[in-house]
Amino acid sequence: MQTKEYLQALMQNIIKKDPAEKLFHQAASEVLTSLEPILEADPKYIKYAVLDRMVEPERVIYFRVPWNDDKGLTHVNRGFRIQFNSAIGPFKGGIRFHESVTLSSLKFLAFEQTFKNSLTGLPLGGAKGGSDFDPRGKSEGEVMRFCQAFMDELYRHIGERTDVPAGDLGVGAREIGFMFGHYKKITNKFVGVFTGKGPSFGGSLIRPEATGYGVVFFAEEMLKCKSEGIRGKTCIISGTGNVGIHTAEKILQMGGKVVGFNDYDGAVYDKEGLDQEKLAFLKDLVFVKRGSLKEYVKKFKSAEFHPGKKSWFIPCYAAFPTACENELTLEDAKTLVNNGVKIVCEGANMPCTPEAVDLFQSKGVLYAPGKAANAGGVAVSGLEMTQNTIRLSWTREEVETQLKKIMRNIHSACVEEACLYNKPGDYLLGANIAGFKKVADAMIAQGVI
Ligand code: 2IT
């Protein structure tokens, strides 16, 4: 069978088996399409049915999470852990608490995570987990009891050598603390079974900043290839979560100008750009007060608020989507291109729709997929695991230096693979092939398991 036909048949089979899993189809289709050249070049991958195996999770855990609210009323949510691939290391990936969480969304994220973790060069398999529980509007006590109920089941499936969860949307240091504490209580073990822990109980310095910082390091590497840099460039960000804020912080540190960002309520257009005072206000607003960006424009008169809008209408040189999947559509991409965007670097997982990506690539906009550009978060999680194993804590400088090195290596791997397959500048193809190769070769070496 020809490679193209093989890939088409595989994709059709995925759709036939789980017709409702649209997000997983989208992620799988993007990867399968770009792997065609490597499958053509080396017949062993089809011979050993590597891709047929790779699109099936090794294990899916699906459980009931009952918990009581502050009034004593009982609620039930769904809990999941998708252990997708452990060929190159223990399962690793975040936990997401958001009302949109389904089996399909977590399968897509765990699949992506497998390639991302491979790109880091660290021994990390791919996984993702979560719940349709929405922490917004819940009291601290409710969030804690939910985390404990979630852990009452998940604890038996994870371990520092088996599966090491971390945070994702709706899961930050507070939730990791509650889950780690409950795991410790149930198992009577103090081990590095989570990453993203508080620094006083084994968390790595720079882990909260790592994804955002890594995104900017990656963008800088891309621009370097064009003899350019972030310095002096106008940037916009979507999402003001952990990734968005730390992306803004690093852009600022590297001399760039952040003129736009948005949250659920709308977009801020601040032509004068962020400075240290505004960033400090933003961090307090988002991380401490959990407030709306409307407060930002009340305080800083240089800024306009655009209710219900995302940042994409704001003219910029560089755009950083850091919120969630499919947040940047073809229409948004057209607006960005018309406004002269030169680089789009994904801080979230799969934030650009396939049509948006096609447009960027066809118009010569530098485009980096999340699995390469946002791998800094899980990379520092890998470094946290190492620190836990050797029972030492590294300084901020040490961790940031290693993060920068890892992002440079990921960038080089993408560039090299894209060149090897005659698609220079195609970071999507480069990332998929580089990520695939390491996992696929490990699977073949380990036999049919
Ligand atoms: O999407 C991601 O890479 C994460 N949520 C981080 C995963 C991790 O294990 O640090």
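In each ligand, atom 1 is the first atom listed, and ligand 1 is the first ligand listed.
With a 4.0 Å cut-off on non-hydrogen atoms, N349 touches ligand 1 through its side chain and not its backbone.
Here the protein heavy atom with the shortest distance to atom 10 (O) of ligand 1 is S381 OG, 2.6 Å. Of the protein's heavy atoms, K92 NZ, 2.7 Å lies nearest to atom 9 (O) of ligand 1. When only non-hydrogen protein atoms are considered, atom 7 (C) of ligand 1 lies nearest to G94 N, 3.5 Å. Nearest protein heavy-atom neighbour of atom 6 (C) of ligand 1: R207 NH2, 3.5 Å. Of all protein heavy atoms, the one lying nearest to atom 5 (N) of ligand 1 is D168 OD1, 2.9 Å. Distance from atom 2 (C) of ligand 1 to its nearest protein heavy atom, with residue and atom name: K116 NZ, 3.3 Å.
The shortest N/O to N/O separation between N374 and ligand 1 does not fall below 3.5 Å. At under 3.5 Å, not a single nitrogen or oxygen of P165, backbone or side chain, sits near a nitrogen or oxygen of ligand 1.
Using cut-offs of 30° and 60° for the angle between ring planes, the H75 and W67 rings count as parallel. Ring pair F201/F180 is parallel by interplanar angle, where below 30° counts as parallel and above 60° as perpendicular. Between F80 and Y62, the ring-plane angle classifies as parallel under the 30° and 60° cut-offs.
Atoms of ligand 1 found under 4.0 Å from any heavy atom of A166 (numbered from 1 in listed order, with element): 8 (C), 9 (O), 10 (O). Short contacts between ligand 1 and K128, defined as distances under 4.0 Å to a heavy atom of the residue, involve ligand atoms 1 (O), 2 (C), 4 (C), 5 (N).
For E112, the closest heavy-atom approach to ligand 1 does not fall below 4.0 Å.
Take E416 and apply the side-chain hydrogen bond (donor to acceptor under 3.5 Å, both in side chains) test, not counting sequence neighbours, and it matches no residue.
Side chain of S131 to main chain of R78: a donor-acceptor pair is present (N/O by atom type, distance under 3.5 Å, no hydrogens or angles).
When ring centroids are compared, F63 and F150 come within the 6.0 Å threshold.
Both the sub-6.0 Å distance and the 45° axial angle are satisfied by K138 relative to the ring of F133.
Contact of the C352 side chain with the V344 side chain is registered, since non-hydrogen atoms from C-beta on lie closer than 4.5 Å.
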